[in-house]
Amino acid sequence: MPQRTHTCGQLNESNTDHNVTLMGWVNAFRGHGSGLVFVDLRDRDGITQIVFDSDDAPTELVEAGDKLRNEDCIRVTGVVRARAKANPKIPTGAIEVLATELEVLSKTAKLPFVPSDESNLPAEETRLKHRYLDLRRPKMQEILRTRHRVTKVTRDYFDEQGFLEIETPMLCRSTPEGARDFLVPSRLQEGMWYALPQSPQLFKQILMIAGCDRYLQIVKCFRDEDPRFDRQAEFTQIDLELAFVDREEVMSIMEGFAKRLWKETMGIDLADFPRMTYQDALNDYGIDRPDTRYDLKLIDISDLAAKTDFGVFQGALEKPKGVVKAIRVPGKAADFSRKVTDAFTKFASDFGAGGIPTTKYVNGDFESGIGKFLGSIKDELIERLGLEDGDAVIFGADTYSIVTKALGELRQKIARDHGFIPEGAWNFLWVYDFPMFEHVEGEGDEPGRFHALHHPFTAPSDHELERFLSADPDNIDEIESIVSDGYDMICNGSEIGGGSIRIHRKDVQAKVFSLLGLSEEEAKLKFSFLLDALSYGAPPHGGIAFGLDRLVMHMCATDNIREVMAFPKTMTGQDLMCEAPNVVDDDQLHELHVKSTATTTV
RNA sequence: GGGGCGGUAGCUCAAUUGGUUAGAGUCCCGGACUGUCGAUCCGGUGGUUGCGGGUUCGAGUCCCGUCCGCCUCGCCA
């Protein structure tokens with residue numbers, strides 16, 4: 001079989017009269033009987049028009065061409081010639097290949113869908129079931145290409161920065177903290193189990209202690225939790241760790257990485273990233289990953305609200321940590337009908353808010369909604385919120401955490417639904433100064449406990465170290481006030497990377513474990529290797545992990561994470577193409593010392 | 001685990017208040033056609049209305065259960 005001489009995206013007028021061989025798939029065919037047939041041939045690189053013409057070729061060849069159908073895989077040899085009338089829609093539109101030879105490499109069966117018909121795509125379910133057809137689409141090929149470019153730039157950049165790519169195990173020890181583990185039964189060790197890694201966290205820290213200095217890995221991670229549009233149980237991290245660094249150095253190297261990535265994959269120059277403390281993010285945006293492409297800030301008006309007779313405001317302020325906050329929605333007075341604002345209340349109820357009071361500032365007065373309660377604070381409220389005629393205002397009144405969550409989520413919904421998100425904006429920022437711990441109330445008789453906001457290996461901020469070591473575990477407020485040396489990289493309201501300076505002192509690590517409710521014995525049992533390693537000259541170190549899938553989602557502007565994965569799973573964790581997971585033989589289970597307790601089988 | 005929307009031909013969809021033989025486009029098959037590029041024109045094949053119950057003279061349509069897909073809350077150190 002002759003080798004192909006070109007791809008389907010390569011040929012142009014300079015190839016005129018050349019004899020070429022192309023291979024690919026039939027993207028479209030336009031037959032005009034046994035005399036003249038056009039076929040668009042597609043491969044990864046593009047589309048080239050093939051013409052079968054009985055004026056210049058044997059009738060049998062033209063007839064064979066007339067039998068071709070969408071997605072047949074073929075080889076064509078022929079002569080390049082200029083078209084009488086060029087097609088400006090495709091890069092190879094000035095030429096065509098006059099076929100002199102045709103081989104059908106593989107005839108297609110009747111298609112479940114036609115991948116070249118972008119305007120008439122089937123349901124995602126069908127696309128996933130026949131992913132090999134779906135991935136033939138140029139759009140999907142472009143996503144795979146972008147994903148490749150990202151990993152290529154990643155390896156180039158970090159190689160230049162002195163990082164080594166080192167693999168860590170996929171079969172690990174289970175650590176029940178954090179997300180649910182995927183478990184793998186051991187055949188050789190009866191009754192014992194491996195876990196798939198949620199992240200290579202401990203291994204990369206140990207690599208630092210092992211003197212590897214700078215580590216990189218593009219690595220699969222596994223978390224057995226329910227998926228979301230931007231979350232899969234199996235996903236890919238760009239995982240990094242550096243020794244002998246402080247927060248500033250890590251952030252600077254990582255910011256350089258993001259800038260390089262955007263430059264090389266999209267030709268975009270990113271400005272220096274602003275920084276925001278966790279507390280400011282929560283106060284102003286109601287979330288720890290603020291979308292700064294638009295304003296709509298949460299503004300505290302508790303002091304003003306206290307002066308009104310509005311029962312909802314008064315009730316909220318009587319609660320412990322009760323607040324009243326407002327968001328100015330510029331120019332939307334006319335859009336916020338009763339139906340729209342009722343939907344806000346319904347939306348906010350998911351986050352525990354009893355209601356979303358609203359009003360409109362029209363003709364110098366507060367109209368509709370709770371406007372009649374605001375007379376006494378009118379001028380102060382207008383000044384505080386910077387109101388202009390035609391603005392709408394939404395309020396949240398409850399405890400700090402409920403108001404923050406509800407208005408934070410509503411802020412994003414309003415931005416999406418009412419056109420506040422500018423096209424083509426890339427707003428990056430760093431969020432830092434996270435609390436190390438948050439206290440969660442116990443359920444029923446259970447005592448409350450602390451929970452690591454990032455993970456239990458995150459170091460306290462330098463200036464907090466002494467305060468942390470001497471902190472009283474029973475003093476909840478004091479513990480919650482200690483700030484860590486963590487940092488998140490945020491892009492357009494999405495966390496694309498998160499990391500921290502790690503603990504490299506055994507005594508500090510031991511105190512974290514004890515605050516998290518791990519006894520010395522438990523800590524030893526679960527993390528003895530880390531504690532051991534920390535006692536043999538551990539260097540100060542820190543790192544970060546980027547979500548590769550989310551990075552590519554942003555770059556390709558896809559609606560969900562499945563679009564940027566070659567073989568994703570559905571919301572129930574199934575691979576519709578392979579039909580995984582599946583039932584296995586009892587023999588297999590027996591060998592693994594496992595017995596199923598499932599009551600239903602498919 | 002909770003909530004919402006959806007499932008009708010291979011694919012995308014339609015089907016009045018519960019009413020006769022479940023339609024259309026597309027794909028596929030056959031035919032016509034020498035400059036198309038979403039080719040065009042003519043004809044044809046194709047259905048367990050996701051699955052299982054129930055109500056009814058009669059169910060794609062109403063009710064219950066269940067499976068699947070998407071979205072969402074919880075969850076995701």
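Just so you know, these numbers use all the heavy atoms, side chains as well, and skip hydrogens, waters and symmetry mates. Every chain is numbered from 1 and lettered A, B, ... according to where its sequence line falls, protein lines coming before strand lines.
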**Asked** Hey, does L516(A) reach any base, or is it just sugar-phosphate, or nothing, if we go heavy atoms under 4.0 Å?
**Response** nothing

query: Should D507(A) and R505(A) count as an ion pair when the cut-off is N to O under 4.0 Å?
result: yes

With a 4.0 Å cut-off on N to O distance, would you call K405(A) and E409(A) a salt bridge? yes

For this session: Identify whether the distance between the nearest side-chain nitrogen and carboxylate oxygen of D17(A) and R81(A) falls below 4.0 Å.
Result: no

* To do: Mind checking L453(A) for me? I need base, sugar-phosphate or nothing, with any heavy atom below 4.0 Å counting as a touch.
  => sugar-phosphate

note: E118(A), atom CD; U12(B), atom C1'; distance rounded to Å ~ 15 Å

- prompt: Which whole number of Å gives the distance between the C1' atom of C5(B) and that of G44(B)?
  reply: 38 Å

For atom C1', what is the distance between C28(B) and A9(B), given to the nearest Å? 12 Å

Whole-Å distance, Q232(A) CD to G69(B) P, equals 12 Å

Picking from C70(B), C28(B), C76(B), the nucleotide nearest the side-chain atoms of F29(A) would be C28(B)

Using a strict cut-off of less than 4.0 Å between a Lys/Arg side-chain nitrogen and an Asp/Glu carboxylate oxygen, indicate whether R127(A) and E563(A) qualify as a salt bridge. yes

Atom CD of E125(A) and atom C1' of G6(B) are separated, to the nearest Å, by 10 Å

Note to self: Suppose you measure atom C1' in C41(B) against the same atom in C33(B); what distance do you get, rounded to whole Å?
What the structure shows: 8 Å

Residues of residues 220-230 of chain A with a heavy atom under 4.0 Å from any atom of RNA chain B, listed by number, are R223(A), E225(A), D226(A), R228(A), F229(A)

Quick note, salt bridge (Lys or Arg N to Asp or Glu O under 4.0 Å) partners involving residues 478-501 of chain A, not counting sequence neighbours, are R247(A)-D485(A)

### Task
Verify the distance criterion only: is there a donor paired with an acceptor across the side chains of T175(A) and R173(A) at less than 3.5 Å?
no

To the nearest angstrom, the CG-P distance between D559(A) and C71(B) comes to 9 Å

Is the shortest side-chain N to carboxylate O distance from D575(A) to K569(A) below 4.0 Å?
no

Against the side chain of K405(A), the closest entry in G10(B), C68(B), G74(B) is G74(B)

When rounded to whole Å, the CE to C1' distance for the pair M571(A) and C73(B) reads 12 Å

Span that lies between the C1' atom of U16(B) and that of C29(B), in whole angstrom: 36 Å

Heavy-atom contacts, protein to nucleotides 29-38 of chain B, under 4.0 Å, summarised as B (base), S (sugar-phosphate only) or - (none) per nt, yield S---BBBBBS

**Asked** Under 4.0 Å between a side-chain N/O of R127(A) and OP1 or OP2 of C70(B), yes or no?
**Response** no

- request: Considering only atom P, compute the distance from G18(B) to C71(B) and round it to an integer number of Å.
  value: 32 Å

note: F347(A), atom CZ; U72(B), atom P; distance rounded to Å ~ 10 Å

Separation of C27(B) atom C1' from D72(A) atom CG, nearest Å, is 14 Å

Open item on the list: When the P atoms of G10(B) and U55(B) are compared, how many Å lie between them, rounded to an integer?
Closed with: 31 Å

Q) Do NZ/NE/NH1/NH2 and the carboxylate oxygens of R42(A) and E71(A) come within less than 4.0 Å? A) yes

Applying the 3.5 Å cut-off to both distances, the Watson-Crick or G-U partner of G69(B) turns out to be C5(B)

Pair T7(A), D45(A): side-chain N/O donor-acceptor within cut-off below 3.5 Å: yes

Taking a pair to mean Watson-Crick or G-U wobble geometry with both distances below 3.5 Å, U45(B) pairs with none

Worksheet entry | Polar side chain donor-acceptor pair, T572(A) to Q574(A), under 3.5 angstrom | yes

query: Which part of the nucleic acid, if any, lies within reach of P456(A) when heavy atoms closer than 4.0 Å are counted: base, sugar-phosphate only, or nothing?
result: base

Across every strand shown, the nucleotide meeting Watson-Crick or G-U wobble geometry with C33(B) (both distances under 3.5 Å) is none

Describe, in one word, how the ring planes of F182(A) and F222(A) are oriented to each other, choosing from parallel (under 30°), tilted (30 to 60°) and perpendicular (over 60°). perpendicular

Across the strands shown, which category fits A233(A) at heavy-atom distances under 4.0 angstrom: base, sugar-phosphate, nothing?
nothing

The answer to which of L111(A) and G573(A) contacts RNA chain B further toward the 5' end, by nearest nucleotide, is L111(A)

Atom CD of E71(A) and atom C1' of C11(B) are separated, to the nearest Å, by 14 Å

| message | I'd like the P distance from C68(B) over to C51(B), given in whole Å. | response | 15 Å

C1'-based separation of G58(B) from A22(B) [nearest Å]: 15 Å

